[in-house]
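Since the structure comes first, as structure tokens, the remarks are kept for the end.
Chain letters run A, B, ... following the sequence lines, proteins first, then strands; residues in each count from 1.
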Amino acid sequence: MRLQIEDVLCTFCGCLCDDIKVEVDEGRIEKVRGACRLGSSKIMGHNRIKSPMIRVNGELKEISYEEAYRRAAEILINARHPLLYGWASTTCEALKKGILLAEEIGGVVDTTATVCHGPSIIGIEEKGAVGSTLGQIKNRADLIVFWGCNPSEAHPRHTLRYSSNACGRFTPDGRKGRKVLVVDVRETRTARNADRFLRIQPGTDYEIISALRMIIGGKADSLPEDVAGVSKKELIEIAEMMKSAKFGAIFFGLGLTHSRGRYKNVDNALSLVSELNSHTKFVIMAMRGHYNVTGAGQVLAWSSGYPMAVDYARGAPYYNPGETSCCDLLSRRDVDAALIIASDPASNLPRGCVEALAEMPVIQIDPFENPTTLFADVVIPSAIAGIEVEGTAYRMDGLSLRLRKLVDVEYPGDVEILQAILDNVRRLRDDN
Amino acid sequence: MKAVMISGRTLAQGAGCEDKMSPLYINEVSCCYLSEEDYRALGLSDGMNLLLTSPHGSAVLRAGVDRGLPQGMVFIPMGPWANMLTGTDTKGCGMPGFKGVEVEVTPTDEKVLDIRELMLRGR
């Protein structure tokens with residue numbers, strides 16, 4: 001029987017669009033409507049890992065789930081300092097289990113945020129952020145700034161649902177009633193659709209933000225005629241554009257966090273927004289990439305007090321980005337086993353970190369094969385959250401939403417898998 | 001030619017990023033984009049490859065044009081190829097420098113490696 005399911009949540013990016021329609025026939029997803037290309041690709045599904053596997057003589061060999069759980073537990077027990085990494089593309093409930101496991105084995109829990117918006121979180125810890133919900137921006141903002149982000153390609157429905165092109169209660173004209181400013185080092189698709197594009201040189205965000213802060217603070221006279229390749233005249237025009245908005249919103253991306261300055265760029269942008277609030281209403285928000293990277297930070301924060309890179313080796317949570325973060329642990333060879341869940345560090349980390357990962361036993365929990373599978377010693381296929389199991393995820397503005405289950409599958413969910421590994425860890429410990 | 005490398009998301013990279021062993025993803029993330037001026041200056045044409053070398057490593061990628069790029073900048077969709085050129089230093093905050101990497105760009109006859117060859121290179 002063909003079934004149409006409405007108001008499905010898309011578990012791809014931080015927009016967590018909740019208006020998708022999915023047609024299911026005989027327990028299979030046949031059609032997706034309303035999602036972007038990225039979301040459709042995920043919801044429609046593709047090649048799955050079929051069975052749990054362990055590596056024997058260099059080759060992956062199929063085994064049972066029970067054997068995989070036991071082998072994973074053995075690896076974690078035998079490790080001196082294991083890393084439990086990923087979490088951004090699974091549910092909050094899964095991370096809660098992961099934290100219990102990390103406490104049990106004295107491991108480090110780190111999320112993909114540390115190579116994404118981790119510096120944004122550090123900046124917010126230092127400075128505080130003037131935030132809002134996406135709904136407030138949709139309904140009120142008349143100036144949208146995209147700084148170092150490209151929603152046209154990374155968050156394709158963001159502009160239409162929440163920002164520049166959305167029609168809201170006090171913004172009935174949508175795109176026509178708004179100004180859009182894009183700040184970037186290259187002219188992206190987003191920049192081509194802006195009212196104004198400010199092109200800056202790579203690694204100069206901090207200088208540009210500082211100059212804008214000086215102009216907004218009435219100290220334009222002290223500025224040189226040229227700041228990091230941008231004329232003072234242009235910066236004054238941009239500052240005026242910001243000050244004259246009734247409700248401005250800055251969305252910022254990895255252009256700030258991946259560049260020279262990292263969290264200090266974000267720190268400075270937060271100060272700019274704080275100072276703009278002396279003149280008008282302004283808010284700022286990070287464009288979170290994975291659908292539950294915000295939730296992963298929330299769960300870690302309410303469990304340990306810290307939002308990422310939490311080391312449980314000392315018996316109490318310890319947090320020090322640059323020391324307990326994934327890249328640093330791997331490049332210093334300070335971890336000796338890894339449980340990788342809902343992520344692909346082999347593709348997303350610098351080569352030097354990938355080489356370190358390849359040297360240690362790796363447990364992978366994921367629905368799909370990816371380059372991390374090439375190094376994994378235990379591979380455990382899982383059900384896809386929001387499609388095959390339910391759970392909780394947080395949208396990029398911090399709103400928690402309930403993911404739905406659309407179809408039945410035989411794969412266990414991440415919660416079930418982590419509980420089984422935890423049970424095996426406890427049983428093996430008792431046996432010894 | 002010396003250039004600054006930045007990496008970032010693209011639509012095709014995103015659409016393929018949960019099916020990373022697929023040709024769609026691999027083709028997208030093994031491409032290096034240059035400005036029209038730099039593409040012409042290097043004498044490139046369809047199907048030609050580039051060798052990119054940074055202080056941290058090297059990789060062969062297919063060359064393409066992105067009219068939004070200024071001269072002296074190359075763009076690689078985020079993924080294993082861009083990360084061959086990225087260092088591990090996080091400046092004490094957990095984040096490597098995925099953008100703003102200085103690279104040397106040279107046309108080459110070497111082929112773009114298969115994902116398995118790339119990942120297992122040197123092992």
Side-chain angles (χ1 to χ4, degrees), chain A residues 12-13 37-38 40-42 46-47 89 110 114-115 118-119 122 150 152-154 156 185-189 191-192 199 202-203 254-255 257-260 262-263 289 308-309 321-322 325-328 330-331 344 346-355 358 367-371 373-375, chain B residues 4-22 24-26 29 33 35 56-59 66-70 72-73 75 77-101 115-116 118-123:
Chain A
F12 188 89
C13 80
R37 184 177 166 195
L38 312 182
S40 297
S41 162
K42 175 162 183 181
H46 32 70
N47 302 324
S89 292
D110 195 15
T114 48
V115 292
I122 300 172
N150 182 15
S152 297
E153 302 208 49
V185 298
R186 64 187 177 114
E187 190 179 5
T188 59
R189 288 187 202 192
R192 283 194 278 275
R199 189 199 289 273
L254 306 186
T257 66
H258 280 180
S259 302
R260 187 164 69 105
R262 294 170 170 85
Y263 73 95
M308 59 194 164
S325 32
C326 172
C327 269
D328 304 276
L330 287 171
S331 60
D344 178 23
S347 293
N348 297 331
L349 298 183
R351 178 69 181 182
C353 299
V354 179
E355 285 169 1
F368 309 110
E369 184 187 13
N370 57 41
T373 319
L374 299 173
F375 302 112
Chain B
V4 172
M5 186 277 279
I6 57 170
S7 58
R9 283 194 180 280
T10 67
L11 264 180
Q13 174 270 334
C17 88
E18 300 222 26
D19 193 9
K20 289 215 180 83
M21 308 311 266
S22 68
L24 167 77
Y25 175 80
I26 292 165
V29 299
Y33 297 92
S35 69
H56 316 291
S58 64
D66 178 346
R67 291 185 178 84
L69 282 166
M73 186 184 293
F75 175 80
M78 60 182 280
W81 273 265
N83 287 332
M84 296 298 291
L85 306 165
T86 309
T88 59
D89 185 3
T90 75
K91 310 284 185 197
C93 78
M95 174 65 80
F98 290 108
K99 302 187 202 293
V101 181
I115 185 100
R116 287 169 198 276
L118 182 88
M119 297 310 296
L120 302 173
R121 191 169 83 169
R123 299 198 66 226

Among [options], which has the most heavy-atom pairs under 4.5 Å with chain B?
options: A:Asn370, A:Leu330, A:Thr188; answer: A:Asn370
options: A:Pro156, A:Ser41, A:Cys326; answer: A:Ser41
options: A:Glu187, A:His46, A:Lys42; answer: A:His46
options: A:Gly352, A:Ala191, A:Ser40, A:Pro350; answer: A:Pro350

Side chain, backbone, both or neither: which part of [X] has a non-hydrogen atom closer than 4.5 Å to chain A?
X: B:Ala82; value: neither
X: B:Ile26; value: neither
X: B:Leu118; value: backbone
X: B:Met78; value: side chain

Original post:
Heavy-atom count around A:Arg37 CZ within 6.0 Å, excluding the residue itself: above 12?
Top reply: yes

Under 4.5 Å, counting heavy-atom pairs only, tell me which of [options] racks up the most with chain A.
options: B:Thr86, B:Asp19, B:Asp89, B:Leu69; value: B:Asp19
options: B:Ser22, B:Gly97, B:Pro96; value: B:Pro96
options: B:Gly100, B:Ala12, B:Gly16, B:Gly57; value: B:Ala12

Which pair of heavy atoms, one from [X] and one from [Y], lies closest together, and at what distance?
X: B:Met73; Y: A:Pro202; answer: CE-CG, 3.4 Å
X: A:Arg199; Y: B:Pro70; answer: NH1-CD, 3.2 Å
X: B:Arg9; Y: A:Glu153; answer: O-CB, 4.4 Å
X: A:Phe12; Y: B:Cys17; answer: CZ-SG, 3.7 Å
X: B:Cys93; Y: A:Tyr263; answer: CB-CD2, 3.8 Å
X: A:Phe375; Y: B:Met119; answer: CZ-O, 3.5 Å

When you compare the side chain of [Y] with that of [X], does any pair of heavy atoms fall below 4.5 Å?
X: A:Leu349; Y: B:Asn83; result: no
X: B:Lys20; Y: A:Pro371; result: yes
X: A:Cys327; Y: B:Thr88; result: no
X: A:Val185; Y: B:Lys99; result: no
X: B:Asp66; Y: A:Arg186; result: yes

From [X] atom [atom1] to [Y] atom [atom2], the distance as rounded to the nearest 0.5 Å:
X: B:Ser58; Y: A:Arg351; atom1: OG; atom2: CZ; value: 10.0 Å
X: B:Ile6; Y: A:His258; atom1: CD1; atom2: NE2; value: 11.5 Å
X: A:Thr257; Y: B:Met95; atom1: OG1; atom2: CE; value: 4.0 Å
X: B:Lys91; Y: A:Arg260; atom1: NZ; atom2: CZ; value: 10.0 Å

Please look at [X] and chain B and tell me whether the side chain, the backbone, both or neither of the residue comes under 4.5 angstrom of a heavy atom of that chain.
X: A:Leu254; result: both
X: A:Thr373; result: neither
X: A:Pro367; result: neither
X: A:Val115; result: both
X: A:Ala309; result: neither
X: A:Ser325; result: side chain
X: A:Ser331; result: side chain

